[in-house]
There are 2 protein chains.
Amino acid sequence: MSDTQRISRKFSQRAVMEAIVQGGPISRASIAKQTDLSKQTISEIVRQLELEGWIRETGRTSGHIGRTAVTYELIPDAAYIAAVDLGGTKVRVAIADLACHVFAEEVAPTDRRGGQFVVDQIAALCWQAAAAQNIPREKIRMAVVGAPGAPEQSTGRILMAPNIPGIQDMDVASALEKALGFDVTLENDVNLCVIGENWLGQGQGIDNLAYIAVGTGIGGGLMVNGQLVRGVGNAAGELGFLPFGAEPFDPESLRTGAYERVVASFGIIERYRRLVGEAATVPEIFEKAAAGDEKAATVLDETARLLAQGVAAIAAIANPQKVILGGSIGLREELVVRVRKFLPQCFPYPVEVETSVLGARAAIVGATAIGLSHLHNALFGADAPDSRMSLPPAETVSFKEAVR
Amino acid sequence: MSDTQRISRKFSQRAVMEAIVQGGPISRASIAKQTDLSKQTISEIVRQLELEGWIRETGRTSGHIGRTAVTYELIPDAAYIAAVDLGGTKVRVAIADLACHVFAEEVAPTDRRGGQFVVDQIAALCWQAAAAQNIPREKIRMAVVGAPGAPEQSTGRILMAPNIPGIQDMDVASALEKALGFDVTLENDVNLCVIGENWLGQGQGIDNLAYIAVGTGIGGGLMVNGQLVRGVGNAAGELGFLPFGAEPFDPESLRTGAYERVVASFGIIERYRRLVGEAATVPEIFEKAAAGDEKAATVLDETARLLAQGVAAIAAIANPQKVILGGSIGLREELVVRVRKFLPQCFPYPVEVETSVLGARAAIVGATAIGLSHLHNALFGADAPDSRMSLPPAETVSFKEAVR
DNA sequence: ATTAATTCGTTCTATCACCGAACTAAATCA
DNA sequence: TGATTTAGTTCGGTGATAGAACGAATTAAT
């Protein structure tokens with residue numbers, strides 16, 4: 001058989017799958033119209049997809065004029081993926097099916113012993129989640145793991161990962177693949193957040209999008225033309241090292257970035273201590289500001305001014321349409337309001353600034369997006385690496401809350 | 001005929017064309033090996049391409065064992081493109097053929113009357129350049145015009161274009177298309193520089209690349225995963241508004257960016273004036289520094305420190321492999337050496353910093369790259385918008401100096 | 001209730017792009 | 001001179017798809 005013919009068939013198959021994934025239960029005639037393929041071709045492909053166990057008959061149309069049509073839909077439990085958000089304090093695992101329904105989200109405190117223990121913990125949580133919904137292990141095809149730092153796809157290592165002991169020098173991807181028995185993709189957690197927000201959150205339909213996570217540290221994720229910006233060493237989005245805030249040429253700024261030192265939690269606490277003379281945690285500072293404490297408000301103002309500068313820097317370089325703030329600190333509405341006020345004072349073009357709607361779950365939503373996208377691509381996709389298998393629209397996706 | 005079949009054929013045709021473009025004179029058997037298509041298919045496609053006037057026989061191989069092979073090559077004068085670099089002081093026009101040979105580069109001072117006069121000037125230069133090489137007008141298929149500011153593809157207007165009077169509110173693209181009689185693509189000049197350097201300059205084979213042009217102003221071009229970053233309002237790369245250097249919240253910084261004010265020519269001159277107490281032009285300052293003037297050297301040091309910060313900002317956000325400095329000031333070797341010294345003092349990961357090798361011609365090289373790429377795509381390309389028709393490798397391209 | 005209109009899905013035939021194998025042609029090697 | 005090697009063609013065959021015709025099933029209209 002010809003090679004190009006094989007590709008041609010895959011293309012058509014993919015188009016059909018996409019129509020079914022996106023269009024819910026749909027008749028063959030409708031698929032033909034949508035895809036511009038002829039009716040018999042659709043029939044043939046549908047027959048094959050049904051045979052292979054990816055789709056099934058749903059029922060028949062009725063009420064319209066003309067003959068009733070048989071409708072088809074995805075078999076949601078034909079395959080599953082695992083989405084993992086590995087943080088310094090918590091591990092989050094979710095299992096999602098082909099139709100993008102998410103079951104069984106499990107959360108647990110990260111195993112403090114680090115290294116292999118964390119790997120085993122992730123595996124255990126996966127099996128636990130799967131078991132909770134009676135999902136057979138073999139049906140899970142791949143996992144996407146989000147982690148802080150710069151995961152290297154090639155070596156499977158996570159560079160510059162803070163907060164998790166003992167994984168600096170281990171091949172996390174391989175270890176996980178061994179423990180789980182299927183493919184594992186590593187990705188930076190903030191990158192997953194952008195993807196998550198782009199799929200189901202604040203950034204729907206926005207192809208030029210940035211995400212800034214502010215918490216104990218600061219990190220950024222950037223999407224350009226619908227593609228993730230990873231950079232050469234996967235170090236794109238290391239916003240902590242933006243050369244302002246603290247003095248960038250201070251040697252200390254090479255260890256903890258000049259920007260991170262002043263804008264993340266440590267900087268906020270320090271600013272409050274200097275101004276007031278006593279210590280307070282970040283949530284306390286927010287509370288005081290809400291209660292009318294002017295000095296606390298000043299601290300937040302100053303923080304927001306710095307954040308606005310960060311947004312301006314991103315906008316000056318990449319000019320995204322929207323910047324989403326996330327992370328425990330970035331999520332605070334009081335802060336975003338202030339950033340919106342300060343930004344036009346230091347940057348002349350309009351940039352939308354919003355808080356993340358997915359919050360702490362942004363990363364796992366993003367991991368799910370990548371996982372399903374990979375899976376769809378692997379099963380039905382073209383071979384082009386940048387081909388984006390479009391995921392179902394937000395309305396049809398159920399991301400139900402996990403049992404705690 | 002089937003639609004997918006048509007696509008399939010285009011794919012194959014394109015593959016053949018690519019092999020011919022890249023591989024110089026090449027036999028059908030070799031093309032078959034390279035493309036993994038069968039010999040007869042190649043023969044068929046080659047026959048058609050020859051019939052359509054895109055390729056021609058070149059000669060025969062000899063010296064090898066086995067039967068001699070007929071070799072084919074591109075007919076370089078089958079089509080031409082015009083590349084235009086429209087600057088505040090100079091207009092540059094080049095005509096290039098399908099094989100990426102550039103003829104007839106014309107340079108002239110930009111018509112000071114602006115607006116339609118500039119449009120007419122560009123057209124005149126095009127015809128002049130074409131006439132100089134006896135190229136019939138009809139064979140020019142399209143033009144790519146690089147200009148400062150943010151060219152909007154949709155409206156054909158150039159927003160925020162400094163230095164050129166009377167084109168703020170005119171549809172430059174349409175006016176040019178009317179004057180020239182073929183398609184015109186507008187692009188930011190610094191964006192063209194990145195593309196140019198990526199094709200024939202310092203950035204060959206580097207898909208994550210940044211270009212900083214420092215002159216009377218400052219601008220940046222960014223390439224991520226081989227794609228240009230334009231941003232929503234085509235305002236990506238407006239580095240002048242990076243929020244450091246001068247005080248970003250100073251209202252003046254909204255007009256002339258905080259960074260631009262201190263790092264571009266005005267800032268350098270000002271810095272010298274403050275330190276020494278007398279005025280000097282930028283070239284003079286460089287001369288003095290070269291002659292051993294310590295204060296002039298200090299001014300350059302300070303400028304380089306600021307530039308290093310700019311590079312750091314780009315690296316923190318997008319993490320390109322290399323940053324190329326260009327523009328009348330950025331090209332100075334003395335400056336780059338200093339930037340290389342300062343960068344590691346404010347940014348922890350390695351970033352290569354180089355001067356542009358294409359210099360003032362970077363934009364026109366980039367325009368040529370885009371033009372030829374578009375043309376190849378239009379003629380033989382797949383319909384995918386992001387498909388990159390690969391241009392011939394640097395060695396085979398002759399970018400001969402223009403007659404002045 | 002019968003007929004008309006409409007849509008669904010299949011069957012049948014044709015076309016197109018391509019491959020593989022066999023074959024011819026022309027060169028070098030020994 | 002024949003063996004070897006490579007180039008290119010001819011011929012038959014196959015897979016993916018289209019288009020037209022047709023039967024099937026339904027609603028709307030009379």
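We name chains A, B, ... by the order of the sequence lines, and we start the count at 1 in each one. Predicted model, so just to flag it, every value in this text is computed and none were measured.
A:R9 places its CZ atom 17 Å from the P atom of C:dC18, with the value rounded to the nearest Å. Here the P atom of nucleotide D:dT17 and the CZ atom of A:R28 are 17 Å apart, to the nearest Å. Rounded to whole angstrom, the span from the CZ atom of B:F11 across to the P atom of C:dC18 amounts to 11 Å. Rounded to an integer number of Å, the gap from CD1 of B:I42 to C1' of D:dA7 is 13 Å. Computed from coordinates, the B:I31 CD1 to D:dT6 P distance equals 18 Å when rounded to whole Å. Taking atom CG of A:L37 as the reference point, atom C1' of D:dG19 lies 14 Å away to the nearest angstrom.
Screening residues 26-40 of chain A for salt bridge (charged side-chain N to carboxylate O under 4.0 Å, His left out) gives no qualifying pairs among residues at least two apart or on separate chains. Residue pairs that meet the salt bridge (charged side-chain N to carboxylate O under 4.0 Å, His left out) test with at least one member in residues 50-71 of chain A, sequence neighbours left out, are A:R56-A:E73.
Within 4.0 Å (heavy atoms only), B:E44 reaches no atom of the nucleic acid at all.
The side chain of B:S43 lies closest to D:dT9 when the candidates are D:dT9, D:dT17, D:dA7.
At the phosphate of C:dA17, neither OP1 nor OP2 sits under 4.0 Å from any side-chain N or O atom of B:S12. At C:dC8, one or more side-chain N or O atoms of A:K33 fall inside 4.0 Å of OP1 or OP2 (strictly under the cut-off). Dashed line: the shortest gap from a side-chain N or O of A:T41 to OP1 or OP2 of D:dT17 is not under 4.0 Å.
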Inset, instruction - Verify side chain to side chain contact (heavy atoms under 4.5 Å, CB included) between A:S12 and A:I45, making sure each step is shown before the conclusion. - result: CA-CA 8 Å; A:S12 305; A:I45 292 175; 3.6 Å; yes
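In this structure, the side-chain contact (heavy atoms from CB on, under 4.5 Å) partners of A:T185, at least two apart in sequence or on a different chain, are A:V144, A:Q153, A:H374. Taking A:E44 as the reference, A:R9 meet the salt bridge (Lys or Arg N to Asp or Glu O under 4.0 Å) condition, with sequence neighbours excluded.
Residues from residues 45-59 of chain B that place a heavy atom under 4.0 Å from any atom of DNA chain D: there are none.
Residues A:I135 and A:D77 form no side-chain contact, since every pair of their non-hydrogen atoms from C-beta on lies 4.5 Å or further apart.
Proximity of a side-chain donor or acceptor of B:E197 to a complementary backbone N or O of B:V194 within less than 3.5 Å is not detected.
Side-chain to base pairing of B:Q40 with C:dG20: one donor and one acceptor N or O lie within less than 3.5 Å of each other.
Nearest-nucleotide positions on DNA chain D for B:Y72 and A:T61 put B:Y72 closer to the 5' end.
With rounding to the nearest 0.5 Å, the separation of CG in A:L37 from OG in A:S43 is 11.5 Å. A:N225 contributes atom CG, which lies 8.0 Å from atom CZ of B:R230 (distance to the nearest 0.5 angstrom).
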Inset, instruction - Indicate for each nucleotide in nucleotides 22-30 of chain C, in 5' to 3' sequence, whether protein heavy atoms under 4.0 Å reach the base (B), only the sugar-phosphate (S), or nothing (-). - result: ---BBBS--
